[in-house]
K.L.:
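Right, I'll just put the structure down here and ask away after.
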Amino acid sequence: MNTQSPKHRCLIADKMHESIVPMLQEIGLQPDYQPSIQREEILGIIENYTGLVIRSKTNVDQALIAKAVNLRFVARAGAGLDQLDEQALNARHIAILNAPEGNRDALAEHNVGMLLTLMHKIHTGNRQIREGTWDREGNRGTELMGKTIGIVGYGNMGQAFAHRLTGFSVKVLAYDKYRQNYGDRFAQQAAMEQLYEESDVLSFHVPLTAETLFFVDDSYLSRFSKNIFLLNTARGKIIKLKTLAEALTIGKVQGAALDVLENEKLNQLSEEQQRYFQELIQSDKVIFTPHVAGWTHESYEKINRVLVDKIKALKLV
């Protein structure tokens, strides 16, 4: 066990862009870069650190927090905080930092790309040509211009997506349960009832919480007046594979673009999940990407800069 003083020491427990070490050194911290470290090893040494930097591998739960007697901050290299026990961290006055500003632009661009691909059937046209089929009529697209885009969750990601829609001549409605007076030049603040009534496209930008867990169910989708295109680059567990497959079957969802899934461990799907996943992957109305919407060469480094600036603002050194 390392017995050095924990003062200003920071454990980096996941793979990060190589710039993280010099950036932390520049603000006076002593980074210990161990991207391959496993949970049991972290539990054995976490008492020796002032800071902890993670991605998705490490759950910061009560067991870990109890051993982190000198911890002053946890920095999540990304936006989501669902792997952190925020209540336990707050009780110990351990700062919680994340970096949605670092990957919001990447995610927004990806969202636009997925939407255009879906509506203009770029994915099916590309596949068919590779298979030797030239079908113009079967790949007739739907224009984005003139449509109403409903955004659920208007934080960093939702705002960045709305910004990227400028120039497409669309109406953008934003609903955020936890904000007030958030309308801006990119989106009109709206009640959820207005999104139900007017949306042609629905895009989710909410964290995974007890409240948002599978909140997009049959009842929720049935309230939309139109048959919608659905985008999810937020968290997979806001909608079940079964719910989406059934909504596609009846036409309430006329197309879906998914960067996240209810269960992203494809070799560990339950019997029900496997059944409906097979339906989705066989449908030309669905496109997938492997949780990479915010994962670009540029965002990889941007996330570091955002986190280090927030760590510096804590004035630990």
K.L.:
State, yes or no, whether a side-chain contact exists between T209 and T212 at a heavy-atom distance under 4.5 Å.
P.N.:
yes

K.L.:
Closer than 4.0 angstrom, basic N to acidic O: yes or no for R127 and D284?
P.N.:
yes

K.L.:
Among the clusters formed by ILVMFWY side chains lying less than 4.5 Å apart, do L116 and F186 turn up in the same one?
P.N.:
yes

K.L.:
Should L118 and F229 count as side-chain neighbours, where that means a heavy-atom distance under 4.5 Å?
P.N.:
yes

K.L.:
Assigning hydrophobic clusters by single linkage (Ile, Leu, Val, Met, Phe, Trp, Tyr; side-chain heavy-atom cutoff under 4.5 Å), is L202 placed with M145?
P.N.:
no

K.L.:
Report yes or no: do F224 and V206 belong to one cluster of Ile/Leu/Val/Met/Phe/Trp/Tyr joined by side chain heavy-atom distances under 4.5 Å?
P.N.:
yes

K.L.:
Less than 4.5 Å apart, any side-chain heavy atom of I12 and any of D32?
P.N.:
no

K.L.:
Can a salt bridge be assigned to the pair D61 and R39 using a cut-off of 4.0 Å between side-chain N and carboxylate O?
P.N.:
yes

K.L.:
Without placing hydrogens or testing angles, list every side-chain donor-acceptor pair under 3.5 Å for residues 258-266, not counting sequence neighbours.
P.N.:
unit_1: D259; atom_1: OD1; unit_2: T289; atom_2: OG1; d: 2.6
unit_1: D259; atom_1: OD1; unit_2: H291; atom_2: N; d: 3.0
unit_1: D259; atom_1: OD1; unit_2: V292; atom_2: N; d: 2.8
unit_1: D259; atom_1: OD1; unit_2: A293; atom_2: N; d: 3.4
unit_1: D259; atom_1: OD2; unit_2: V292; atom_2: N; d: 3.2
unit_1: D259; atom_1: OD2; unit_2: A293; atom_2: N; d: 3.0
unit_1: E262; atom_1: OE1; unit_2: L241; atom_2: N; d: 2.9
unit_1: E262; atom_1: OE2; unit_2: Q273; atom_2: NE2; d: 2.9
unit_1: N263; atom_1: OD1; unit_2: K265; atom_2: N; d: 3.0
unit_1: N263; atom_1: ND2; unit_2: Q268; atom_2: O; d: 3.1
unit_1: N263; atom_1: ND2; unit_2: Q273; atom_2: OE1; d: 3.2
unit_1: E264; atom_1: OE1; unit_2: H291; atom_2: ND1; d: 3.0
unit_1: E264; atom_1: OE2; unit_2: L261; atom_2: N; d: 3.2
unit_1: E264; atom_1: OE2; unit_2: H291; atom_2: ND1; d: 3.2

K.L.:
Using the rule given for side chain to side chain contact (heavy atoms under 4.5 Å, CB included), can you reason through N103 versus N156, listing the C-alpha separation, both sets of side-chain angles and the distance that settles it, and then say yes or no?
P.N.:
CA-CA 9 Å; N103 62 358; N156 281 282; over 6 Å; no

K.L.:
Evaluate whether atom CZ of R235 has more than 12 neighbouring non-hydrogen atoms of other residues, nucleotides or ligands under 6.0 angstrom away.
P.N.:
yes

K.L.:
Just by modelled atom types, is the S56 backbone N or O under 3.5 Å from a matching donor or acceptor in the Q83 side chain?
P.N.:
yes

K.L.:
Output the distance between atom CZ (R223) and atom OH (Y196), rounded to the nearest 0.5 Å.
P.N.:
4.0 Å

K.L.:
Might you work through the side chain to side chain contact (heavy atoms under 4.5 Å, CB included) test for L84 and L89, ending with a clear yes or no?
P.N.:
CA-CA 8 Å; L84 278 64; L89 288 166; 4.0 Å; yes

K.L.:
Determine whether a donor-acceptor pair (N or O, by modelled atom type, separation under 3.5 Å) exists between the side chain of K57 and the backbone of P35.
P.N.:
yes

K.L.:
Could you state whether V286 and I250 fall into the same hydrophobic cluster, counting links through intermediate Ile, Leu, Val, Met, Phe, Trp or Tyr residues with side-chain heavy atoms under 4.5 angstrom apart?
P.N.:
no

K.L.:
So do V201 and L231 actually touch side chain to side chain, heavy atoms under 4.5 Å?
P.N.:
yes

K.L.:
Any sub-3.5 Å donor-acceptor pair from Q159's side-chain atoms to G155's backbone N or O?
P.N.:
yes

K.L.:
Given side chains that start at C-beta, do those of D82 and K237 come closer than 4.5 Å, heavy atoms only?
P.N.:
no

K.L.:
Is a donor on one side and an acceptor on the other found under 3.5 Å between the side chain of N126 and the backbone of I129?
P.N.:
no

K.L.:
Below 30° counts as parallel, above 60° as perpendicular, anything between as tilted: where do the rings of Y220 and F204 land?
P.N.:
tilted

K.L.:
Start with the C-alpha gap between E47 and N70, add the side-chain angles, then the distance that decides, and say whether side chain to side chain donor-acceptor pair (under 3.5 Å) holds.
P.N.:
CA-CA 6 Å; E47 65 181 294; N70 292 295; 5.8 Å; no

K.L.:
Backbone N or O of A245 within a donor-acceptor pair of the T249 side chain at under 3.5 Å?
P.N.:
yes

K.L.:
Could you give the distance from CG (L280) to CG (L248), rounded to the nearest 0.5 Å?
P.N.:
6.5 Å

K.L.:
L230 vs Q254, test: side chain to side chain contact (heavy atoms under 4.5 Å, CB included). Steps then yes/no.
P.N.:
CA-CA 8 Å; L230 184 150; Q254 57 178 310; over 6 Å; no

K.L.:
Hey, is R275 close enough to E272 for a salt bridge, meaning N to O under 4.0 Å?
P.N.:
no

K.L.:
Applying the 4.5 Å side-chain criterion to the ILVMFWY set and letting contacts propagate, would Y300 and V53 be lumped into a single cluster?
P.N.:
no

K.L.:
Roughly how far, to the nearest 0.5 Å, is OG1 of T58 from CD of Q38?
P.N.:
8.0 Å

K.L.:
Would a 4.5 Å heavy-atom cut-off, applied to side chains only, mark R76 and L81 as touching?
P.N.:
yes

K.L.:
Where do L43 and A63 come nearest, in terms of heavy atoms and distance?
P.N.:
CD2-O, 4.0 Å

K.L.:
Would you tell me whether T296 and S299 have side-chain atoms, one donor and one acceptor, within less than 3.5 Å of each other?
P.N.:
yes

K.L.:
Could you tell me which residues satisfy side-chain contact (heavy atoms from CB on, under 4.5 Å) with A88, sequence neighbours excluded, listed by chain and number?
P.N.:
Q62, I65, D85

K.L.:
For T243 and I239, indicate whether the former's side chain and the latter's backbone hold a donor-acceptor pair under 3.5 Å.
P.N.:
no

K.L.:
Roughly how far, to the nearest 0.5 Å, is the CG atom of L11 from the CD atom of E41?
P.N.:
10.0 Å

K.L.:
Taking distance alone, no hydrogens or angles, what donor-acceptor pairs closer than 3.5 Å link side-chain atoms of residues 161-170 to residues at least two apart or in another chain?
P.N.:
unit_1: R164; atom_1: NH1; unit_2: A160; atom_2: O; d: 3.2
unit_1: R164; atom_1: NH2; unit_2: D105; atom_2: OD1; d: 2.7
unit_1: T166; atom_1: OG1; unit_2: H163; atom_2: O; d: 2.9

K.L.:
Rounded to the nearest 0.5 Å, how far does CE of M114 lie from OG of S203?
P.N.:
10.0 Å

K.L.:
Let's go through E137 and R140 carefully: what are the C-alpha distance in whole Å and the side-chain angles of both, what is the deciding distance for side chain to side chain contact (heavy atoms under 4.5 Å, CB included) to 0.1 Å, and is it a yes or a no?
P.N.:
CA-CA 5 Å; E137 184 56 35; R140 187 190 291 268; 2.7 Å; yes

K.L.:
Can you give me every donor-acceptor pair (side chain of residues 13-24, partner residue at least two apart or in another chain, under 3.5 Å) with its distance?
P.N.:
unit_1: D14; atom_1: OD2; unit_2: R55; atom_2: N; d: 2.8
unit_1: H17; atom_1: ND1; unit_2: S19; atom_2: N; d: 3.1
unit_1: H17; atom_1: ND1; unit_2: S19; atom_2: OG; d: 2.8
unit_1: S19; atom_1: OG; unit_2: N304; atom_2: ND2; d: 2.9

K.L.:
Write out all pairs satisfying ring-ring contact (aromatic ring centres under 6.0 Å, His included) with one or both partners inside residues 66-121, taking only residues at least two apart or from two chains.
P.N.:
none

K.L.:
Any chance you could measure Q188, atom CD, to T148, atom OG1, to the nearest 0.5 Å?
P.N.:
9.5 Å

K.L.:
Looking only at atom types and distance, does a side-chain atom of Y182 sit under 3.5 Å from a main-chain N or O of A174, one as donor and one as acceptor?
P.N.:
yes

K.L.:
Does any part of the side chain of H205, heavy atoms only, come nearer than 4.5 Å to the side chain of T233, both counted from C-beta?
P.N.:
yes

K.L.:
Do L52 and L64 come within less than 4.5 Å of each other through their side chains, counting heavy atoms only?
P.N.:
yes

K.L.:
Counting only heavy atoms from other residues, nucleotides and ligands, does the tally under 6.0 Å from CD of E131 exceed 12?
P.N.:
yes

K.L.:
Do any N or O atoms from the side chain of D184 and from the backbone of A187 form a donor-acceptor pair under 3.5 angstrom?
P.N.:
yes

K.L.:
Which atom pairs, donor and acceptor, lie under 3.5 Å between side-chain atoms of residues 307-317 and protein residues at least two apart or in another chain?
P.N.:
unit_1: K310; atom_1: NZ; unit_2: N98; atom_2: O; d: 2.8
unit_1: K310; atom_1: NZ; unit_2: E101; atom_2: OE1; d: 3.1
unit_1: K310; atom_1: NZ; unit_2: E101; atom_2: OE2; d: 3.2

K.L.:
Does L107 offer a backbone N or O that forms a donor-acceptor pair with the side chain of N111 under 3.5 Å?
P.N.:
no

K.L.:
Is a side-chain N or O of N139 found less than 3.5 angstrom from the main chain of D135, in a donor-acceptor match?
P.N.:
yes

K.L.:
When you look at CD of Q274, are more than 12 heavy atoms from neighbouring residues, nucleotides or ligands closer to it than 6.0 Å?
P.N.:
yes

